[in-house]
Amino acid sequence: MPTALDDAPAVKAAGAPRPQGARRDRRRVALPYLLLLPAILLELLVHLVPMIAGLVMSFFKLTQFSIRDFSSAPAAGLDNYKFVLDFNSAAGKSLLGSFWISVLYTVASVGFCWLFGTSAAVLMQKNFRGRGLLRTLFLVPYALPMYAAVITWSFMFQKDTGLVNDLLGTDSFWLIGDNSFWSLVVVSIWRNWPFAFLIVMAGLQNIPGELYEAAAIDGAGWWRQFQAITQPMLRPVNQVLLLVLFLWTFNDFNTPYVLFGASAPKEASLISIHIYQSSFVTWNFGLGSAMSVLLLLFLLIVSTVYLGLTARRRNAVV
């Protein structure tokens, strides 16, 4: 007569995972990582390798005389960093001036991009005739190729044949002198504010309409609703948006380079243009690499502090 002990091996065999099924489970777990592997390798190749190369170059006196053979470049140690950070020298003063110009440029551009993008997104939440067409038109500056858009603005800023002087009835220089800074800010705002508009508009879709209805019943006007509902609910979106705009704008190279060329006016010489001139105009790649490393450290510090402050504020609210 069979007993329970006789069935034990069969039960164990039935309960044990089959080797074939275990292999299938491992493949299922490994598949996402295998699919991500080409993208990760390309990311390392495109970003990490040049960063490491730039860091290594910053410790050498790499000039036009040793550019053909890196191994022949004499070691500089920290001399490149000391030279750049000596703000009593002409090179240090020039770099510091470009840094403050970049700060002012970033504050003005990011501030107005956020203001225009948020205002337009809030207005576009209301239903009215032609809203879809207006949304599409708002996104045109962001959809246009960057070089074509900036070159068009450079033609518009021409002194004698430009559209800006014709509309304003002036005869001003917009690509040299003090006006060059504001020309750069205008082009940057025109290029980037649709991105802020798009992100804020997406964030507004997640705010329940019942909150506005309840606030309207309680007698709250549109400004009070914006302060009490819209802004608090958009805080996580704005935190990411401002950080992205800051990194894009402070590190911007394409806009000033296309608008002014390699020799940007002193009033619009951003730190990115300054690094380019030090590296590819004067052929001092070691010095330019040191400036790039310092710029990277500055952006990392600012980003880390910003994320830490926003996370602390978010935890305090919770």
Side-chain angles (χ1 to χ4, degrees), residues 47 98-125 131 133-157 162-164 174-175 179-205 226 230-231 234-261 264-265 267-276 295-296 298-300 302-303 306-307 310:
H47 292 285
S98 296
F99 172 79
W100 286 117
I101 291 174
S102 298
V103 171
L104 294 175
Y105 167 70
T106 302
V107 171
S109 178
V110 173
F112 280 105
C113 284
W114 178 85
L115 178 62
F116 292 160
T118 302
S119 302
V122 171
L123 292 176
M124 289 297 105
Q125 294 305 303
R131 184 179 66 166
L133 177 61
L134 201 56
R135 284 180 174 178
T136 304
L137 292 177
F138 283 169
L139 296 176
V140 167
Y142 187 68
L144 284 176
M146 190 277 301
Y147 287 95
V150 178
I151 289 174
T152 302
W153 273 102
S154 68
F155 284 120
M156 293 172 61
F157 281 130
L163 181 63
V164 175
W174 293 100
L175 299 178
N179 290 334
S180 61
F181 174 79
W182 298 110
S183 300
L184 182 62
V185 171
V186 167
V187 176
S188 176
I189 295 172
W190 183 83
R191 280 276 307 154
N192 293 328
W193 83 265
F195 174 77
F197 163 71
L198 188 64
I199 298 301
V200 175
M201 187 171 61
L204 289 173
Q205 304 298 321
F226 179 79
T230 306
Q231 277 297 86
L234 284 179
R235 186 171 290 117
V237 175
N238 284 328
Q239 289 173 355
V240 177
L241 173 63
L242 292 176
L243 179 60
V244 172
L245 287 177
F246 164 75
L247 294 175
W248 281 1
T249 308
F250 198 93
N251 207 25
D252 189 13
F253 172 79
N254 292 328
T255 303
Y257 183 80
V258 177
L259 191 62
F260 304 114
E267 294 79 4
S269 179
L270 302 182
I271 194 169
S272 57
I273 294 294
H274 189 86
I275 294 174
Y276 171 82
L295 175 60
L296 176 61
F298 170 76
L299 295 177
L300 287 176
V302 173
S303 301
Y306 176 80
L307 292 175
T310 53

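Everything numeric in this text was worked out from a predicted model, so none of it was measured.
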Specify the closest pair of heavy atoms between [X] and [Y], including all atoms of both residues, with the distance to one decimal.
| X | Y | result |
| --- | --- | --- |
| Val200 | Leu234 | CG1-CD1, 3.8 Å |
| Trp193 | Ala120 | CZ3-CB, 3.8 Å |
| Val187 | Thr255 | CG1-CG2, 3.9 Å |
| Met124 | Arg135 | O-NH2, 3.1 Å |
| Ala121 | Leu204 | O-CD1, 3.5 Å |
| Val185 | Ala108 | CG1-CB, 4.1 Å |

Inter-residue atom distance [X].[atom1] - [Y].[atom2], 0.5 Å rounding:
| X | Y | atom1 | atom2 | value |
| --- | --- | --- | --- | --- |
| Ser269 | Ile101 | OG | CD1 | 6.0 Å |
| Tyr147 | Tyr257 | OH | OH | 8.5 Å |
| Leu104 | Glu267 | CG | CD | 12.5 Å |
| Leu184 | Asn179 | CG | CG | 12.5 Å |
| Ser188 | Asn254 | OG | CG | 11.5 Å |

Just by modelled atom types, is the [Y] backbone N or O under 3.5 Å from a matching donor or acceptor in the [X] side chain?
| X | Y | result |
| --- | --- | --- |
| Thr310 | Leu307 | yes |
| Ser102 | Ile271 | yes |
| Ser183 | Leu175 | no |
| Ser154 | Ile151 | yes |
| Tyr306 | Gln239 | yes |

Heavy-atom check, side chain of [X] versus side chain of [Y], under 4.5 Å:
| X | Y | answer |
| --- | --- | --- |
| Leu198 | Met201 | yes |
| Leu144 | Trp190 | yes |
| Ser272 | Asp252 | no |

Indicate the ring-plane relationship of [X] and [Y], choosing parallel, tilted or perpendicular according to the 30° and 60° boundaries.
| X | Y | answer |
| --- | --- | --- |
| Phe181 | Tyr105 | perpendicular |
| Phe250 | Phe246 | tilted |
| Phe197 | Phe138 | perpendicular |
| Trp248 | Phe195 | tilted |

Worked check of side-chain contact (heavy atoms from CB on, under 4.5 Å) between Phe99 and Phe298: CA-CA 11 Å; Phe99 172 79; Phe298 170 76; 3.7 Å; yes
Ile273/Ser98 under side-chain contact (heavy atoms from CB on, under 4.5 Å): CA gap, chis, key distance, verdict: CA-CA 9 Å; Ile273 294 294; Ser98 296; over 6 Å; no
Criterion side-chain contact (heavy atoms from CB on, under 4.5 Å) on Val186 and Trp153, from CA distance to verdict: CA-CA 10 Å; Val186 167; Trp153 273 102; 4.0 Å; yes
Derivation and outcome, side-chain contact (heavy atoms from CB on, under 4.5 Å), residues Ile199 and Asn238: CA-CA 9 Å; Ile199 298 301; Asn238 284 328; over 6 Å; no
Within 6.0 angstrom of Phe112 CZ, more than 12 heavy atoms from elsewhere: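 No, because the 6.0 Å sphere around CZ of Phe112 holds 12 heavy atoms or fewer from other groups.
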